[in-house]
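Atoms within each ligand, like the ligands themselves, are counted from 1 in listed order.
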Amino acid sequence: MKRLSCDLLVVGGGVAGVCAAIAASRSGVRTTLVERRAFLGGTGYVGMFHYLCGLYLNGETIPVKPLNSGLTQEIVGLLRNKTPEKSVQKIGQVYVLPYNTNDLQDVFKDLLDAEHGITVLLNTAATAIKAENGNIRNVSLEDPGGTLTITATMVIDCTGNGDVAAMAGAPFELSPVDERQLAGFSIQVCGLVHDDGLLSIKVPYWCAQAVERGILLPAMKFTTFSYGSSPGEGLIKMSLDGEDTPDRDERARKYAHDLLVFLGQFVPAFTHARIAGTSHNVLDREGRRITGDYILTEEDILTARKFPDAIVKNAWPIELWDRSKGTTYTYVQRGDYYEIPFGCITVKGISNLLTAGRCISVSPAALGSTRVMGTCMALGEQAGLAAALYIEDGEYPAPDKRISWNE
Ligand SMILES: Cc1cc2nc3c(=O)[nH]c(=O)nc-3n(C[C@H](O)[C@H](O)[C@H](O)COP(=O)(O)OP(=O)(O)OC[C@H]3O[C@@H](n4cnc5c(N)ncnc54)[C@H](O)[C@@H]3O)c2cc1C
């Protein structure tokens with residue numbers, strides 16, 4: 001069996017994993033980034049979303065700088081250079097950055113290409129972990145050529161679902177399926193005509209009608225619509241219950257088709273609309289939350305709590321996609337932010353493993369705020385920096401000795 005080694009292994013090439021790998025490599029750490037798909041970007045790429053959330057304070061004036069400096073700010077700058085016409089937008093009470101998914105991939109590619117200390121392995125999945133005495137010894141990887149084993153001083157789980165930590169036997173929380181937030185399936189549509197600009201209201205209304213007529217499943221009444229960057233284009237985020245059946249992607253594609261046919265009958269703008277693309281698969285908003293030394297709570301968020309070992313700032317509301325109520329937003333006080341402490345990215349019982357991105361140590365409600373992409377990028381960067389310190393010194397510096405990583 002082929003054997004590899006590195007200082008740091010980052011598993012998962014979504015926004016968190018890419019940022020973790022870049023931050024570590026810039027600190028001089030020999031890093032391997034493995035991604036089971038053929039491309040990087042994770043949910044932020046396959047979801048075809050329009051907005052990066054979690055970057056800014058909510059206030060009266062359009063923010064000029066993201067809350068978190070460092071790599072997040074650099075990525076925002078590079079994205080804005082690609083499409084200077086796309087500026088920060090206010091949607092309801094929050095500010096978001098419009099972006100093109102292809103631009104995000106290009107930015108990641110350029111940043112990774114500039115790092116000679118990173119080896120990127122695509123089409124490679126972590127499938128098993130050997131852990132002993134609270135340490136990960138090695139990780140088994142499957143690629144098209146077979147199985148390989150990699151040893152690393154430090155591992156960061158950026159799989160979104162905490163797969164690595166779970167395989168290593170770490171404790172985690174996972175809400176029962178019927179309490180999990182709604183999952184989503186993105187449908188990019190084109191060919192919208194005679195549009196009166198009201199599709200963000202009309203599409204959810206007609207989805208609810210389709211549910212009443214038994215054409216769509218109940219959760220689909222919480223489907224949303226947003227306009228695309230070119231005339232005649234839009235993005236439908238179809239809501240689905242979080243059930244993970246083997247045929248759920250296939251069923252989602254069928255419902256996407258049924259929805260377009262239904263909208264074509266009742267909404268004139270959809271008469272000639274076509275599906276231009278869909279997300280590769282159904283996308284979960286909620287998965288495993290790996291237990292760290294601290295579990296961030298709803299109260300921490302709503303009281304804008306600050307921590308002595310803070311690593312990331314966030315002001316995104318608690319955005320919950322509830323099965324019976326639809327989307328609810330509970331806001332951090334205007335002009336303020338809360339902090340995510342280092343204890344949310346450590347893994348209880350495993351000293352050489354950190355998490356970053358969606359699977360960090362938070363309560364179910366807190367996840368509604370921490371899971372957005374701007375926050376996941378900042379978490380990835382901080383995990384990469386912390387891993388670099390651990391690799392150098394064999395331990396993380398105590399909070400009072402730590403330089404503020406987020407300045
Ligand atoms: C329907 C929906 C709509 C959303 N809309 C927005 C939005 O508009 N704006 C916003 O900011 N956020 C949005 N989000 C949230 C956001 O996209 C995600 O929470 C965020 O991108 C998660 O990033 P991540 O890097 O933690 O994980 P992911 O993006 O999930 O990346 C994890 C990566 O790990 C890989 N992986 C998993 N297991 C393994 C393994 N064993 N071995 C190797 N690789 C593995 C996966 O293939 C994936 O590429 C949305 C989420 C959903 C579900």
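- Figure legend: cation-pi geometry between R285 and F222 absent, as NZ or CZ is not positioned both under 6.0 Å from the six-membered ring centre and within 45° of its axis.
- Annotation: C53 places an N or O atom under 3.5 Å from an N or O atom of ligand 1; distance criterion only.
- Contact check for K237 versus S226: no side-chain heavy atoms found under the 4.5 Å cut-off.
- Counting only heavy atoms of the protein, atom 31 (O) of ligand 1 lies nearest to G14 CA, 3.4 Å.
- Note on R248 versus D284: salt bridge recorded, some NZ/NE/NH1/NH2 to OD/OE distance being below 4.0 Å.
- Protein heavy atom closest to atom 20 (C) of ligand 1, with residue, atom name and distance, is R371 O, 3.7 Å.
- Side chains of D249 and N281: no donor on one and acceptor on the other come within 3.5 Å.
- For N314 and Y338, the side-chain atoms include at least one donor-acceptor pair closer than 3.5 Å.
- Judged as a ring-ring contact (aromatic ring centres under 6.0 Å, His included), the pairs with a partner in residues 275-314 (not counting sequence neighbours) are, in order, F39-H280, Y294-F307.
- Residues passing the ring pair (Phe, Tyr, Trp, His ring centres under 6.0 Å) test with Y227, sequence neighbours excluded: F225.
- For atom 7 (C) of ligand 1, the nearest protein heavy atom (residue, atom name, distance) is Y51 O, 3.5 Å.
- Using a 4.5 Å cut-off on side-chain heavy atoms (C-beta onward), L217 and R251 make contact.
- Under 3.5 Å, the side chains of R30 and T119 contain no donor-acceptor pair of N or O atoms.
- The protein non-hydrogen atom at the shortest distance from atom 33 (C) of ligand 1 is E35 OE1, 3.5 Å.
- Polar contact check, M373 against ligand 1: a nitrogen or oxygen pair lies under 3.5 Å apart.
- Note on R36 versus E142: no salt bridge recorded, every NZ/NE/NH1/NH2 to OD/OE distance being 4.0 Å or above.
- Of the N and O atoms on the side chains of N135 and S351, at least one donor lies less than 3.5 Å from an acceptor on the other residue.
- Considering backbone and side-chain atoms alike, R285 places every N or O at 3.5 Å or more from each N or O of ligand 1.
- Only backbone heavy atoms of C158 (N, CA, C or O) come within less than 4.0 Å of ligand 1; its side chain stays farther off.
- Counting heavy atoms only, D163 comes closest to atom 38 (N) of ligand 1 of the residues V282, V164, D163.
- The shortest N/O to N/O separation between K237 and ligand 1 falls below 3.5 Å.
- Of all the atoms in ligand 1, the ones that sit under 4.0 Å from a non-hydrogen atom of A125 are 42 (N), 43 (C).
- Closest protein heavy atom to atom 29 (O) of ligand 1: T43 N, 2.8 Å.
- At least one heavy atom of A126 sits closer than 4.0 Å to an atom of ligand 1.
- Between Y390 and Y396, the two ring planes are tilted [angle within 30° to 60°].
- Looking only at atom types and distance, the side chain of S324 has a donor-acceptor partner in the side chain of D322 under 3.5 Å away.
- Interface atoms of ligand 1 facing G357, defined by a heavy-atom separation under 4.0 Å, are 26 (O).
- The option from D284, T375, L33 that lies nearest to atom 53 (C) of ligand 1, judged by heavy atoms, is D284.
- In terms of polar-atom proximity, defined here as any N/O pair under 3.5 Å, A16 does make such a contact with ligand 1.
- The protein atom (non-hydrogen) at minimum distance from atom 26 (O) of ligand 1 is R358 N, 2.9 Å.
- Between V15 and ligand 1, a contact under 3.5 Å exists for at least one N or O pair.
- For atom 17 (O) of ligand 1, the closest heavy atom belonging to the protein is F49 CE1, 3.4 Å.
- Applying the 4.0 Å criterion to heavy atoms of L283 picks out, from ligand 1, the atoms 53 (C).
- Listed by atom number, the atoms of ligand 1 under 4.0 Å from T124 heavy atoms are 43 (C).
- Scanning the protein heavy atoms around atom 27 (O) of ligand 1, the nearest turns out to be G160 CA, 3.8 Å.
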